[in-house]
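Below is one structure, written out as structure tokens; comments come after it.
As a basis for the values below, the full set of heavy atoms in this structure was taken, side chains included, without hydrogen atoms, waters or symmetry mates. Quick note on labels: first sequence line is chain A, next is B, and so on, each numbered from 1.
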There are 2 protein chains.
Amino acid sequence: MAAKPSSARGKQSPRRGASVQPLQEPRGEPPLSLERIVATAVELLDAQGVDGLSMRRLADRLGSGAMSLYWHVDSKEAVFDLALDSVLEYRGPPRAPAPQDWRGEVVHMLEDWRASMLRHPWSASLLPRRALGPNILSRLELLSNALSRAGVAQADLNVAIWSLWNYVMGATITRGSFELSDNDRVAAQQRLADLGERYPTIERSHLLLDDNWDGTFRKGLDFLLEGLAPKQ
Amino acid sequence: MAAKPSSARGKQSPRRGASVQPLQEPRGEPPLSLERIVATAVELLDAQGVDGLSMRRLADRLGSGAMSLYWHVDSKEAVFDLALDSVLEYRGPPRAPAPQDWRGEVVHMLEDWRASMLRHPWSASLLPRRALGPNILSRLELLSNALSRAGVAQADLNVAIWSLWNYVMGATITRGSFELSDNDRVAAQQRLADLGERYPTIERSHLLLDDNWDGTFRKGLDFLLEGLAPKQ
DNA sequence: GATTGACTCGTACAGTGTACGATGCGATCT
DNA sequence: AGATCGCATCGTACACTGTACGAGTCAATC
């Protein structure tokens with residue numbers, strides 16, 4: 001009768017080979033562990049996308065049986081949660097920032113956030129309705145802290161945090177929606193031209209053709225920060 | 001050999017009962033049609049969420065066989081696309097806006113957008129990576145048009161549009177992430193308190209407890225608009 | 001009367017998440 | 001020494017998924 005560890009995962013264990021030699025598993029896979037499961041899930045997601053991740057495929061890659069995963073993990077949903085959070089670790093700016101440069105700090109963190117998610121395109125579609133992992137919380141903490149130092153009034157603090165958070169989330173999932181479809185975008189613009197009368201303004205502005213996503217993201221962020229904490 | 005209509009759907013047809021009487025299907029379901037399929041899909045999504053929609057269940061509700069749907073629809077993905085766009089129709093403000101009140105127009109449309117999506121909580125998680133339907137394009141057009149009239153420089157127009165779009169998208173999916181979990185939010189705050197040292201600032205600001213989502217959304221929107229097109 | 005095309009649907013297949021219970025293993029206790 | 005116990009692995013089974021394929025129905029047309 002194994003106890004189901006449910007949300008308390010299996011801790012690391014000596015298990016085998018702790019004596020002198022691995023006995024006789026020279027090329028056997030290392031034992032399962034949460035870390036290995038999550039890392040492999042990220043690999044698989046990177047390679048095959050959200051639909052490519054199945055418990056059986058994941059187990060195959062790990063050299064184990066599908067049901068073995070459930071010792072370490074509650075469900076497939078939990079694998080998604082863990083994979084998402086693991087991809088969002090933040091290491092901070094390259095060198096310690098000047099304490100008064102809150103703006104640079106915020107911009108760096110948010111650009112890194114966006115870059116992390118774009119590096120793993122599946123993450124954007126996972127974000128809605130996922131749990132708050134520790135790495136996500138850390139980023140919120142940094143944001144909160146920097147904005148406090150920036151002199152944002154306490155009453156406006158939460159508004160400011162959510163505004164920035166929302167902006168970055170939205171920018172990331174939007175970019176995700178359009179990234180794949182270079183040809184499609186041209187096609188869409190064409191379709192727009194055909195229906196010219198219904199969408200004249202966005203047709204004229206080439207909204208769907210503009211692919212300077214990074215610049216657009218950065219500029220919009222500046223506008224928003226300007227609204228939240230005017231430079232002087 | 002029926003021709004696969006693929007993306008060209010079956011048009012409306014007289015089919016049956018066009019003569020004088022419905023012959024003898026007094027309580028039979030009306031015939032399948034794209035509209036009926038999409039409307040029923042929305043019902044089902046509202047009732048059971050994203051995971052609750054399966055082609056078989058959808059067909060059951062329609063009183064037809066599962067495979068019959070595929071005459072009208074390419075795939076389940078297409079059903080998602082159509083359901084999403086159908087929920088995003090915009091009827092405009094209650095009365096015709098004064099032409100110079102671009103700000104009111106934008107705010108109304110964006111609040112309506114957000115409200116529409118919150119009325120159908122599944123929509124937020126569908127948004128990433130979905131196609132641009134006509135209703136979505138209409139909203140972009142309105143945004144684009146209003147901002148032009150607001151005097152936003154042509155060079156900044158796309159940035160402005162995307163910024164607002166991003167903000168609303170993000171706000172919507174974020175709200176979606178937290179809405180269900182009132183108890184969870186308290187639990188999260190508790191967990192935060194336990195780990196007090198790691199997240200002091202967000203713990204102090206009660207970021208996760210604040211549930212004035214509508215007000216926060218509106219205030220953040222004002223900040224952003226202020227950044228994009230200062231009042232004078 | 002034959003043909004066509006629009007439309008419906010039963011069957012089948014490969015794949016899914018995971019409940020359940022059997023099994024093995026190292027460490028601990030008697 | 002044997003018995004016991006907890007961790008960990010995994011084969012089998014079940015209910016369910018999306019959809020390919022091809023047979024079927026029925027009204028309109030030739």
Side-chain angles (χ1 to χ4, degrees), chain A residues 1-6 8-25 28-37 41 44 48-81, chain B residues 1-6 8-25 28-37 41 44 48-81:
Chain A
M1 293 140 218
K4 278 193 185 178
S6 268
R9 291 84 173 209
K11 308 169 62 174
Q12 82 291 9
S13 64
R15 227 189 61 119
R16 78 172 108 211
S19 50
V20 187
Q21 297 277 7
L23 213 66
Q24 61 179 59
E25 299 212 17
E29 313 277 345
L32 278 182
S33 70
L34 239 207
E35 293 78 38
R36 232 161 67 75
I37 291 176
L44 223 165
Q48 321 246 30
V50 179
D51 295 336
L53 177 64
S54 83
M55 296 304 267
R56 273 173 257 251
R57 268 213 274 273
L58 181 52
D60 273 1
R61 275 207 182 207
L62 287 159
S64 76
M67 290 313 291
S68 306
L69 305 178
Y70 284 87
W71 178 259
H72 304 268
V73 148
D74 277 351
S75 64
K76 190 189 181 182
E77 296 288 286
V79 176
F80 280 138
D81 286 345
Chain B
M1 291 139 212
K4 279 193 183 178
S6 269
R9 294 86 172 203
K11 309 171 62 176
Q12 83 290 10
S13 64
R15 225 185 65 114
R16 79 173 108 208
S19 50
V20 184
Q21 298 276 5
L23 214 67
Q24 61 180 58
E25 299 209 16
E29 313 275 347
L32 278 181
S33 69
L34 238 205
E35 294 77 37
R36 233 162 66 76
I37 291 177
L44 223 165
Q48 321 245 29
V50 180
D51 295 336
L53 177 64
S54 82
M55 296 304 267
R56 270 173 261 250
R57 269 212 274 272
L58 181 52
D60 273 1
R61 275 205 181 211
L62 287 159
S64 77
M67 289 314 289
S68 307
L69 305 178
Y70 284 88
W71 177 261
H72 304 269
V73 147
D74 277 353
S75 64
K76 188 188 184 183
E77 296 287 288
V79 176
F80 280 138
D81 287 343

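Among the protein residues, A:Leu53 comes within range of the sugar-phosphate backbone only, with heavy atoms under 4.0 Å from sugar or phosphate atoms but none that close to a base.
The heavy-atom pair separating B:Ile37 from B:His72 by the smallest distance is CD1-CB, 3.7 Å. Taking each heavy atom of B:Arg36 and B:Leu62 in turn, the nearest pair found is NH2-O, 3.3 Å. Minimum interatomic distance between A:Ser64 and A:Leu32 (heavy atoms only, all atoms of both residues): OG-CD1, 3.8 Å. Looking at every heavy atom in both residues, A:Gly52 comes nearest to A:Arg57 through O-NE, 2.9 Å. Nearest heavy atoms, A:Ala78 versus A:Val73: CB-CG1, 4.2 Å.
With rounding to whole Å, A:Leu32 atom CG is found 16 Å from C:dC25 atom P. What separates CE of A:Met55 from P of D:dC14 is a distance of 21 Å, to the nearest Å. As a whole-Å value, the separation of A:Arg36 CZ from D:dT9 P is 10 Å. The OH-P distance, from A:Tyr70 to D:dG11, rounds to 15 Å in whole Å. Taking atom CE of residue B:Met67 and atom P of nucleotide D:dG22, one finds them 12 Å apart after rounding to whole Å. Per the geometry, CH2 belonging to A:Trp71 stands 14 Å off P belonging to D:dC10, to the nearest Å. The CG-P distance, from A:Asp60 to D:dT9, rounds to 15 Å in whole Å. The nearest whole Å value for the distance from the CG atom in A:Asp74 to the C1' atom in C:dA19 is 14 Å.
Between the side chain of A:Arg56 and the base of C:dG15, no donor-acceptor pair under 3.5 Å is found.
Of the candidates C:dG17, D:dT9, D:dT17, D:dT17 carries the atom nearest the B:Arg57 side chain, counting heavy atoms from C-beta on.
Between D:dA8 and A:Ser68, no contact under 4.0 Å exists linking OP1 or OP2 to a side-chain N or O. A close approach under 4.0 Å does occur between a side-chain nitrogen or oxygen of B:Ser54 and OP1 or OP2 of D:dT17. Taking 4.0 angstrom as the limit, A:His72 places none of its side-chain polar atoms (N or O) nearer than this to OP1 or OP2 of D:dC7.
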